[in-house]
Colleague: 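Encoded as structure tokens, here's the structure I'll be asking about.
Chain letters run A, B, ... following the sequence lines, proteins first, then strands; residues in each count from 1. Any value given below was found using the heavy atoms of this structure, including those in side chains, with hydrogens, waters and symmetry copies removed.
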Amino acid sequence: MSEQDAKRDPNEKRDSKHFIQQAIDADLASGRFSGVFTRFPPEPNGYLHIGHAKSICLNFGLAKEYDGKCNLRFDDTNPTKEETEYVDSIMEDIRWLGFEWDSLHYASDYFEQLYEWAEKLIVEGDAYVCDLTAEETREYRGTLTAPGKNSPYRDRTAKENLDLFRRMRAGEFQDGSRSLRAKIDMASPNINMRDPVMYRILRATHHRTGDKWCIYPTYDWTHGQSDSLEQITFSICTLEFENHRPLYDWYCQKLGIHHPRQIEFAKLKLSTLLIGKRHMLRMVKEGFVKGWDDPRMPTLCGYRRRGYTPESIRNFCADAGIAKFNSTIDIVRLENAVREHLNAVAPRRMAVLDPVKLTITNWPEGKVEMTDAVNNPGDPSEGKRKVAFSGSLLIEREDFREEAPRKFFRLKKGGAVRLRAGYIVDCHDVVKDKEGNVIEILCTYDPDSRSGSDTSGRKVKGTIHWVSAEHAVEVDVRLYDRLFTVENPGDPEEGKTFVDYLNPESLKVVTGYVESELGKAKLGDRVQFERLGYFVVDPDSTEDRIVFNRIVSLRDTWGKMEAKGKTG
RNA sequence: UGUCCCAUAGUGUAAUUGGCAACACGACAGAUUCUGACUCUGUUAUUUUAGGUUCAAGUCCUAAUGGGACAGCCA
């Protein structure tokens, strides 16, 4: 133990901080801010996914870490895309992840304040009503390399602008016929500063304000001001808003209001996953998956149904780190985080998913023995349970070979294997059908080899799982696998789309035979089927038939050896 | 012929802010094992390049190269 401590000592810098924490420390030290107040600002136009989880963990995590606050604010400035349905699911998902907001807000709550501030900018000559159409506005904006040119309406008087803007609000003009723009610099190398639009005329029913407004503020004109109103200190967002920061700052400065600091970080990207809204929408709409909460979806509700734990997702996000580099994290890290947590908390059970009959020829007719099985070898306090052992068992077809390579440690003809929490059995014969398939394995058992009280002294290399045929409970098992077969399905080669990379085996449904203990399993229960993986009880379960989802398989060293032909 | 941002093992992040490049995951090799799981051990790097500053550079400066973001009245 002291040796371990000595080894750990030089690496004692576990408190190393990422660049946002360092920025916060600096601002706190300099007195720029006196506390940490963050916010998570989703647009209620879709379901939260694993990428949002990173942002949620960051924002809520920072608030917790610095003893500050974190709000939930719905960025609902585009009535054509947003719905209350999403608001509810977003709140549910955040809570499931294990976070609670300090207070709940909607950007739409600030529409009136925003409007007043817009008038202020008009009066001060910092904003004007522009009659250019959307298309004309684009033409006037210039390009990435060429400066834009001033709108012919740029020099209207404050009085005229105010009148026009009020009439915009009053509904006197057609949708899209005019806009309110900030008067900044049409020659700015940063396109966001070329007189950005603040308001558009848009007759659409808003999910909260109904038909009260026919003009709606744009993101840039809303976000920073909302942050300011809530006294946010650190407005954390993703990298694509980096070029918007000058505008964020410009609005706050012109208005002379509380000025939060916007800090950008790289959003999460995971291999084999498609997180984009349109991609996910297409998967759902075209039936590649069964809905937003399909266990193969990268949505939080999908992962929830899949059986992932909030802890494992949080651990994963912490593990992934915060940086400004656009990186892709290997999906196995997420899967590993899930295994790591479930290994600690999921009770072990036995289940056979591809059964073949194993008959013990020297087992007393009709005898049933209750043996002890350990619930979690890593945690003795989890105790033991009784499992019914009999002369007629089911084992995994994969665990038997008539002819087997040298390193096959399971059951083979003429060989022996330990039945977990049971006896050692010796295979002496097999029964086959007309096609030559093995339909029954005949064994003898060693009465002195019972688990827990083995006096046989025998050492066998392999241990396999089993269930007693007459005691097993039949269940449905959904074997989920990755939805896509390639690292980056979002970057298809010529002439292909992400659809071409869908994994046809992302879902296999089989009938499983589980130990009787599992007949009592309840919705949401997570267990490890020994040697197979982690499974959760799905909501589709009924009174008389339980449905299990495979959360994630166990690491399969043997499978890898076989794939590489290293089985000796 | 723009502006901004980024570059450290295969992957992702560190490096006490200028002082012996570390951790995790993967991969590989081995140990252990009544789960081929878990656990444990070992291996895995001229810090993109070229200059410069310095006793000392992953860290500061300049340039190059490579990558990313931006031309919605989306967010």
Side-chain angles (χ1 to χ4, degrees), chain A residues 10-18 22 41-43 45 75 77-78 80-82 130 132-135 137-139 141-148 175-176 178-181 188-194 196-202 215-216 218-220 222-223 237-246 264 266 271 277 319-330 332-333 336-337 339-340 343-344 348 350 373-374 376-378 407-410 418-422 424 449 451-452 454 459-465 528-533 553-561:
Chain A
N11 312 328
E12 204 52 80
K13 38 197 167 187
R14 291 214 36 69
D15 55 342
S16 78
K17 296 186 172 185
H18 55 68
Q22 290 176 15
E43 183 188 13
N45 71 341
D75 228 330
T77 57
N78 186 352
T80 63
K81 293 188 175 174
E82 295 144 8
C130 180
L132 257 26
T133 64
E135 197 165 323
T137 304
R138 189 187 335 124
E139 282 161 15
R141 186 156 32 228
T143 68
L144 291 176
T145 52
D175 282 12
R178 279 175 229 257
S179 62
L180 184 73
R181 296 225 258 161
S188 171
N190 182 343
I191 291 184
N192 295 303
M193 300 298 272
R194 317 237 263 230
V197 170
M198 296 168 63
Y199 277 93
R200 67 268 208 186
I201 303 175
L202 179 61
I215 57 172
Y216 289 96
T218 55
Y219 166 84
D220 286 309
T222 308
H223 200 88
C237 60
T238 48
L239 250 29
E240 65 266 34
F241 293 104
E242 227 160 8
N243 295 341
H244 292 241
R245 181 155 27 97
E264 312 85 10
S271 65
K277 215 155 274 168
D319 186 52
I322 303 296
K324 298 191 74 161
F325 179 67
N326 276 304
S327 59
T328 302
I329 299 183
D330 195 325
V332 301
R333 288 176 151 248
N336 248 305
R339 288 192 185 103
E340 187 182 22
N343 177 51
R348 315 288 125 122
M350 289 200 284
V374 180
N376 189 336
K407 290 186 181 170
F408 183 83
F409 301 149
R410 285 109 100 142
R418 154 77 61 189
L419 293 175
R420 179 107 162 123
I424 291 173
S449 67
S451 291
D454 187 321
K459 284 258 180 200
V460 290
K461 189 68 183 161
T463 300
I464 63 173
H465 60 275
Q528 182 196 103
F529 288 172
E530 292 219 30
R531 305 209 306 133
L532 296 175
S553 63
L554 253 33
R555 253 189 29 208
D556 182 15
T557 307
W558 169 250
K560 268 184 221 159
M561 286 166 63

Colleague: Under a 3.5 Å distance rule, please check whether A/R200 uses its side chain to pair with a backbone N or O of A/G176 as donor and acceptor.
Modeller: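 The answer is no, because no donor-acceptor pair under 3.5 Å joins these two groups.
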Colleague: Counting side-chain heavy atoms from CB outward, which of B/A14, B/G36, B/G12 is closest to A/R333?
Modeller: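 Nucleotide nearest to A/R333's side chain: B/G12.
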Colleague: I want to verify the glycosidic state of B/G30; is it syn or anti under the 90° rule?
Modeller: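 Anti, angle beyond 90° from zero.
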Colleague: When the C1' atoms of B/G68 and B/A9 are compared, how many Å lie between them, rounded to an integer?
Modeller: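 My reading of the C1' atoms in B/A9 and B/G68 gives 23 Å.
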Colleague: Between which residue ranges does RNA chain B form stems of three or more consecutive Watson-Crick or G-U wobble pairs, both distances under 3.5 Å?
Modeller: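 Consecutive-pair runs (3 or more) involving RNA chain B: B:2-7 with B:65-70, B:10-13 with B:22-25, B:26-31 with B:39-44, B:48-52 with B:60-64.
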Colleague: Please check if the side chain of A/R418 supplies one atom and the backbone of A/S449 the other of a donor-acceptor pair under 3.5 Å.
Modeller: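 Checked: pair present.
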Colleague: Do the side-chain N and O atoms of A/E135 and A/T133 include a donor-acceptor pair separated by under 3.5 angstrom?
Modeller: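 There is no such pair between these side chains.
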Colleague: Nearest whole Å is fine: how far is B/G12 P from A/N336 CG?
Modeller: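 Rounded to the whole Å, the gap is 16 Å.
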Colleague: Quick check for you: among B/U35, B/A37, B/U1, whose closest atom lies nearest to any side-chain atom of A/E530?
Modeller: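 It is B/U35.
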Colleague: Between A/N190 (side chain only) and A/N243 (backbone N and O only), is there a donor and an acceptor less than 3.5 Å apart?
Modeller: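 Yes; at least one donor-acceptor contact below 3.5 Å.
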Colleague: With rounding to whole Å, what would you report as the distance between B/A64 and B/A21 at their C1' atoms?
Modeller: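 Those two atoms are separated by 25 Å.
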Colleague: Over all strands shown, is A/E264 touching base, sugar-phosphate only, or nothing at heavy-atom distances under 4.0 angstrom?
Modeller: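 Nothing, no nucleic acid heavy atom in range.
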Colleague: For A/E240, does the CD atom have more than 12 heavy-atom neighbours from other residues, nucleotides or ligands under 6.0 Å away?
Modeller: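 Yes, enclosed.
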Colleague: To the nearest Å, how far apart are A/Q22 CD and B/U16 C1'?
Modeller: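 In whole Å, B/U16 C1' lies 11 Å from A/Q22 CD.
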Colleague: Could you measure between the two P atoms, the one in B/G12 and the one in B/U48, and give it in whole Å?
Modeller: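 Here B/G12 and B/U48 have their P atoms 14 Å from each other.
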Colleague: Walk along nucleotides 67-75 of chain B from 5' to 3' and tag each nucleotide B, S or - by protein heavy-atom contact under 4.0 Å, base first, then sugar-phosphate.
Modeller: -SBBBSBSB
Colleague: Go through B/A15, B/G26, B/U33 for me and flag the one nearest to the A/K461 side chain.
Modeller: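 My answer, after comparing the listed nucleotides, is B/U33.
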Colleague: Using the C1' atoms only, state how far B/U1 lies from B/C55, rounded to an integer number of Å.
Modeller: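 Looking at atom C1' only, B/C55 and B/U1 are 45 Å apart.
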Colleague: Base, sugar-phosphate, or nothing for A/A266, non-hydrogen atoms under 4.0 angstrom?
Modeller: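 No contact.
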Colleague: Salt bridge check: are A/E264 and A/R245 linked by an N-O gap of less than 4.0 Å?
Modeller: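 The answer is yes: the pair qualifies as a salt bridge.
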Colleague: Taking the C1' atom in each of B/U16 and B/C5, what is the distance between them to the nearest angstrom?
Modeller: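 Between the two C1' atoms, the distance is 27 Å.
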Colleague: Tell me every residue that passes side-chain contact (heavy atoms from CB on, under 4.5 Å) with A/T137, counting only those two or more places apart in sequence or in another chain.
Modeller: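 For A/T137, the residues satisfying side-chain contact (heavy atoms from CB on, under 4.5 Å) (neighbours in sequence not counted) are A/L132, A/R141, A/R181.
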Colleague: Taking atom P in both B/U11 and B/U53, compute the distance separating them and give it to the nearest angstrom.
Modeller: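 That atom pair is separated by 34 Å.
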Colleague: Could you state the CD1-P distance from A/I464 to B/A37, rounded to the nearest angstrom?
Modeller: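 Atom-to-atom, A/I464 to B/A37, this comes out as 16 Å.
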Colleague: Say we look at B/U46 and B/C70: how far apart would their P atoms be, to the nearest angstrom?
Modeller: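 Pairwise P distance, B/U46 against B/C70, rounds to 34 Å.
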